[in-house]
Amino acid sequence: MKNPDEPIRLYGVLNSLLRKSNVDVYITGSNSKFLSSDVMTEFRGRGDEIHISPLSFSEFYPASGQEKSDAWRDYLYYGGLPHILAESGGEAKSRYLEKLNKEIYLRDMCERYGIRDEESMLILMKVIASAIGSLSNAQKISDTFRSSGDKVITMPTISSYLKYLQESFVVEKAERYDIKGRKNISTPSKYYYSDLGLRNALLNFRQFEETHLMENAIYNELIYRGYSVDVGVVETRVDEGGKKVRKQLAVDFVVNQFNKRYYIQSAFLISDREKFEQEQAPLVKIPDSFKKIVVVGNNTPIWRNVEGITFMGIYDFLLNENSLDL
């Protein structure tokens, strides 16, 4: 039986160490026992939170010893957890990720938050994993369960579970931002997995859609670099049958840091002129002068068109920390 006084004793020990002028204290631990949010609440004003992320592609690629394209495919498939590089062969990597999902993340969350219905949490994790890059919210997910005839999970329960997944650093939430109206739209939002390998393992590596996985990888890279990231919407009027109708165009990422802002589209493949126009259309409609970028899923050279929109390949974006300012 676990001792309920254990966290209190730990706080007491840490408090005593904080009084020593020649000591720096670093704390890490299992999500179920000592979340960083607990530490920051208890020691408010006397510490900083350091969020340790999986490897970025610029870290993963040279450590992998592979050709760039092979390393990129492995990164999308197995993710950036450092131990992946120590495992040899796809079967061993898959087992490692499946074990992490089951024995660390799922078990720890259920223990910490007192979740008795482990199956419901696992189902929700799979639903979010399947829907990366899609707008969603608790009500929409609940309605999906109800209409499909699967196990019913209520909207309040789903809201709580989504919060737990974010607090446990399994997923990140990107809210929508109305670019012309200059305001956030609270719902629906997009959810991205903090590590693609964990996401793929949850789905038994059956849903390997490079378009969505690249979008998730771009989001993670922007977070690694310290940016605040929303998903954007820009409203415009288009002519349909001789009538002007309102239409909302999606901007994949609205990226902010201090006084800097960038608008970014993720385009896995631009195969023809129609696709080219489709990708740049939302950016052209944005009524400000902040930089607009389309990241393409190949090794295309960096160039800028007459609309002032920059196009760059995924490798240039990921491997140069200053790529947004090129």
**Message:** Between Asp74 and Lys93, does any NZ, NE, NH1 or NH2 come within less than 4.0 Å of an OD or OE carboxylate oxygen?
**Reply:**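 Between Asp74 and Lys93 there is no salt bridge, as every charged N stays at least 4.0 Å from the carboxylate O atoms.
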**Prompt:** Can we say Arg95 and Glu91 salt-bridge, meaning some charged N sits less than 4.0 Å from an Asp/Glu carboxylate O?
**Reply:** yes
Test item: [X] side-chain N/O and [Y] main-chain N/O as donor-acceptor pair under 3.5 Å:
{"X": "Gln166", "Y": "Leu162", "answer": "yes"}
{"X": "Asn184", "Y": "Ser186", "answer": "no"}
{"X": "Ser160", "Y": "Pro156", "answer": "yes"}
{"X": "Asn204", "Y": "Arg206", "answer": "no"}

Working to the nearest 0.5 angstrom, can you tell me the gap between [X] [atom1] and [Y] [atom2]?
{"X": "Phe276", "Y": "Asn305", "atom1": "CZ", "atom2": "CG", "value": "5.0 Å"}
{"X": "Ile286", "Y": "Arg261", "atom1": "CD1", "atom2": "CZ", "value": "9.0 Å"}
{"X": "Ile314", "Y": "Glu210", "atom1": "CD1", "atom2": "CD", "value": "11.0 Å"}
{"X": "Asn216", "Y": "Ile132", "atom1": "CG", "atom2": "CD1", "value": "4.5 Å"}
{"X": "Leu55", "Y": "Ile52", "atom1": "CG", "atom2": "CD1", "value": "11.0 Å"}
{"X": "Leu100", "Y": "Arg107", "atom1": "CG", "atom2": "CZ", "value": "12.0 Å"}

State, yes or no, whether a side-chain contact exists between [X] and [Y] at a heavy-atom distance under 4.5 Å.
{"X": "Leu213", "Y": "Asn200", "value": "yes"}
{"X": "Leu124", "Y": "Ile158", "value": "yes"}
{"X": "Ser194", "Y": "Glu172", "value": "yes"}
{"X": "Met125", "Y": "Met109", "value": "yes"}
{"X": "Val295", "Y": "Ser266", "value": "no"}
{"X": "Leu97", "Y": "Leu81", "value": "yes"}
{"X": "Ile264", "Y": "Leu222", "value": "yes"}
{"X": "Val294", "Y": "Ile270", "value": "yes"}

Is there a donor-acceptor contact under 3.5 Å linking the side chains of [X] and [Y]?
{"X": "Ser58", "Y": "Ser56", "answer": "yes"}
{"X": "Asn220", "Y": "Tyr193", "answer": "no"}
{"X": "Thr154", "Y": "Thr157", "answer": "yes"}

**Asked** Taking it one step at a time, do Lys190 and Ser134 satisfy side-chain contact (heavy atoms from CB on, under 4.5 Å)?
**Response** CA-CA 6 Å; Lys190 287 188 180 183; Ser134 301; over 6 Å; no
**Message:** Does Glu87 form a salt bridge (charged side-chain N to carboxylate O under 4.0 Å, His left out) with Lys99? I'd like the steps, not just the answer.
**Reply:** CA-CA 13 Å; Glu87 295 285 0; Lys99 184 177 180 181; over 6 Å; no
**Request:** Please lay out, stage by stage, how Tyr96 and Ile84 fare under the test side-chain contact (heavy atoms from CB on, under 4.5 Å).
**Result:** CA-CA 8 Å; Tyr96 167 67; Ile84 282 294; 3.8 Å; yes
**Prompt:** For the residue pair Tyr263 and Phe253, is the inter-centroid distance of their aromatic rings smaller than 6.0 Å?
**Reply:** no
**Request:** Compute the ring centroids of Phe290 and Tyr262, then answer whether they are less than 6.0 Å apart.
**Result:**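 Ring centres of Tyr262 and Phe290 not closer than 6.0 Å.
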Shortest non-hydrogen separation from [X] to [Y] and the atoms involved:
{"X": "Lys291", "Y": "Thr310", "value": "CE-OG1, 3.5 Å"}
{"X": "Ala71", "Y": "Ser64", "value": "CB-OG, 3.6 Å"}
{"X": "Leu326", "Y": "Arg304", "value": "O-NH2, 3.4 Å"}
{"X": "Tyr192", "Y": "Ala174", "value": "CE1-CB, 4.1 Å"}
{"X": "Pro54", "Y": "Glu59", "value": "O-OE1, 4.4 Å"}
{"X": "Asn320", "Y": "Arg225", "value": "O-NH2, 3.2 Å"}

**Message:** Using the rule ring-ring contact (aromatic ring centres under 6.0 Å, His included), only one of Phe317, Tyr78, Phe57 pairs with Trp72; which is it?
**Reply:** Phe57
**Request:** Would you check, one step at a time, whether the test salt bridge (charged side-chain N to carboxylate O under 4.0 Å, His left out) holds for Glu279 with Lys275?
**Result:** CA-CA 6 Å; Glu279 293 297 341; Lys275 181 64 175 174; 2.8 Å; yes
**Request:** List the steps, then state whether salt bridge (charged side-chain N to carboxylate O under 4.0 Å, His left out) holds for Arg273 with Glu277.
**Result:** CA-CA 6 Å; Arg273 185 69 189 182; Glu277 294 295 342; 2.7 Å; yes
**Request:** Evaluate the salt bridge (charged side-chain N to carboxylate O under 4.0 Å, His left out) criterion for residues Asp24 and Lys20: first the C-alpha distance (whole Å), next the side-chain angles of each, then the deciding distance (0.1 Å), finally the verdict.
**Result:** CA-CA 9 Å; Asp24 288 334; Lys20 298 181 180 294; over 6 Å; no
Single-linkage hydrophobic cluster, 4.5 Å side-chain cutoff, [X] and [Y] together:
{"X": "Tyr191", "Y": "Ile153", "result": "yes"}
{"X": "Val296", "Y": "Ile293", "result": "no"}
{"X": "Leu202", "Y": "Tyr77", "result": "yes"}
{"X": "Val171", "Y": "Leu76", "result": "yes"}
{"X": "Leu106", "Y": "Tyr164", "result": "yes"}

**Request:** Apply the test side-chain contact (heavy atoms from CB on, under 4.5 Å) to residues Tyr227 and Asn256: give CA-CA distance (whole Å), side-chain angles for both, the deciding distance (0.1 Å), then the verdict.
**Result:** CA-CA 6 Å; Tyr227 292 107; Asn256 292 285; over 6 Å; no
**Request:** For Lys163, enumerate each residue passing the side-chain contact (heavy atoms from CB on, under 4.5 Å) test, keeping only those at least two apart in sequence or located in another chain.
**Result:** Glu167
**Asked** Excluding sequence neighbours, so at least two apart, what forms side-chain contact (heavy atoms from CB on, under 4.5 Å) with Gln248?
**Response**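 Per chain and number, Gln248 pairs via side-chain contact (heavy atoms from CB on, under 4.5 Å) with Arg176, Val233, Glu235.
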**Request:** Take Val234 and Val251 through the side-chain contact (heavy atoms from CB on, under 4.5 Å) test and state the conclusion after the steps.
**Result:** CA-CA 7 Å; Val234 57; Val251 178; 4.3 Å; yes
